[in-house]
Amino acid sequence: MAGGGGASCGYTHLFSFGNSISDPGNFVTFFPNAPATALPYGETFFRHPTGRFCDGRLIVDFIAKTISIADPDAYDADGCIWRLNDLIQHHNAAVRTMLERIPLDDPAIAVVYADYYGAGLEIIRNPLKHGFAEDGVLKACCGDGGTYNSNSFVSCNATSNLCPDPTKYVQWDGDHLTEAAYGFVARGVLHGPYADPSILSTCRC
C-alpha cells in the first residue's frame with residue numbers, strides 16, 4: 001500500500017497481487033464468457049455480475065472501503081486436500097522470508113503479510129462461532145450437485161443448485177468463497193490476527 005494524498009488512513013493506493021480471489025473483474029475482460037459474467041455471481045451485494053468470482057465483494061473490496069480507497073484428492077481432518085495444504089504452508093513460509101529481506105526505508109510504503117489460509121482454516125474449524133452453518137463449510141452455495149455441490153471446477157452458473165442463504169456458507173462455487181467468508185478474512189487482515197502487521201495498525205491518521 002502506498003501513502004500520500006488525502007485518503008483516510010494516509011493510503012491512496014492498494015496493490016494486491018493474486019488470482020481470482022482478489023480480481024474485481026479484470027479476468028472477464030479477456031474471457032467475456034467466463035462464469036463470473038452472469039448471475040448468480042454478484043447477487044448478494046451488487047445485485048448483478050461484476051466479473052468477481054463471488055456472490056458479492058472480495059477481501060480487497062472490504063479493505064479498500066475501510067481505508068477509503070476506491071474499488072479496486074486425499075482429505076485431512078478439515079476436509080482440505082492435504083497436498084495443497086502443505087504447498088500453501090511452504091509458500092507462506094517462503095513469502096514471509098522474502099518479506100523480511102525487503103528494505104522498508106520509505107515511510108510512505110507499508111508491506112503487510114496477509115494470512116488468508118489461517119483465516120480460512122479458522123472458519124472451517126469453527127463455523128458456528130463465526131455465524132456459518134456447519135453444512136455450509138465444505139458444500140458450495142452455488143454448484144452442480146454431488147456431496148459438495150461442486151462436481152466440476154467453478155460449477156456455478158444460472159442453472160446451478162443455489163443455497164437459500166449465502167451468508168451461512170463459506171464456499172461459493174467450490175473454488176471461491178462467499179462474500180460473508182471474504183468479509184471475515186478482511187476483518188482479520190484489517191484488525192488482526194490474520195496479518196502482520198494488521199493493516200489498520202499501520203495507519204497514519
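The first residue in the sequence is number 1, and the count goes up from there.
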Quick check: do E43 and L162 have side-chain heavy atoms less than 4.5 Å from each other?
yes
Quick one: are F53 and W172 in side-chain contact, heavy atoms under 4.5 Å?
no
Is it true that V112 and Y116 fall in one hydrophobic cluster, defined by side-chain heavy atoms closer than 4.5 Å?
yes
Flag the pair F31 / T37 as yes when at least one side-chain heavy-atom distance between them is below 4.5 Å, and no otherwise.
no
Run the side chain to side chain contact (heavy atoms under 4.5 Å, CB included) check on S22 and V60 step by step: do they pass?
CA-CA 6 Å; S22 61; V60 293; 4.1 Å; yes
Do V185 and Y194 touch side chain to side chain, with heavy atoms closer than 4.5 Å?
no
Would a hydrophobic clustering, with Ile, Leu, Val, Met, Phe, Trp and Tyr connected at side-chain separations under 4.5 Å, put L39 with F27?
no
Pair D173, Y41: side-chain N/O donor-acceptor within cut-off below 3.5 Å
yes
Distance-only, no hydrogens or angles: does the D61 side chain make a donor-acceptor pair with backbone N or O of L58 under 3.5 Å?
yes
Which pair of non-hydrogen atoms, one from S198 and one from S201, has the smallest distance, and what is that distance?
O-OG, 2.7 Å
Closest heavy-atom pair, Q171 versus V137, reported as atoms and distance to 0.1 Å, is CG-O, 3.3 Å
If you group Ile, Leu, Val, Met, Phe, Trp and Tyr by side-chain heavy-atom gaps below 4.5 Å, do Y182 and L200 land in one group?
yes
Might you point out which heavy atoms bring A181 and L177 nearest each other, and give the distance in Å?
CB-CB, 3.8 Å
Decide yes or no for R52 and D23: does some side-chain heavy atom of the first lie under 4.5 Å from some side-chain heavy atom of the second?
no
To check you understand the geometry: which heavy-atom pair defines the closest contact between K129 and E122, and what is its length?
NZ-OE2, 3.9 Å
Mark yes or no for whether T97, through its side chain, and A93, through its backbone, hold a donor-acceptor pair below 3.5 Å.
yes
Which atoms form the tightest heavy-atom contact between A36 and P49, and what is the distance?
O-CB, 3.5 Å
Can you find a heavy atom in the side chain of D115 that is under 4.5 Å from one in the side chain of N92?
yes
Does a side-chain heavy-atom distance below 4.5 Å link R187 with F184?
yes
Linked, directly or transitively: I21 and F132 (ILVMFWY side chains, under 4.5 Å):
yes
If hydrophobic clusters are built from ILVMFWY residues whose side chains come within less than 4.5 Å, do V170 and L128 share one?
no
Using side-chain heavy atoms (C-beta onward) and a distance below 4.5 Å, is K168 in contact with T178?
no
Are the two sulfur (SG) atoms of C156 and C142 closer than 2.5 Å?
yes
Run the side chain to side chain contact (heavy atoms under 4.5 Å, CB included) test on H176 and S20 for me, step by step, so that the C-alpha distance in whole Å, both residues' side-chain angles and the decisive distance to 0.1 Å come before the verdict.
CA-CA 8 Å; H176 306 95; S20 55; 2.5 Å; yes
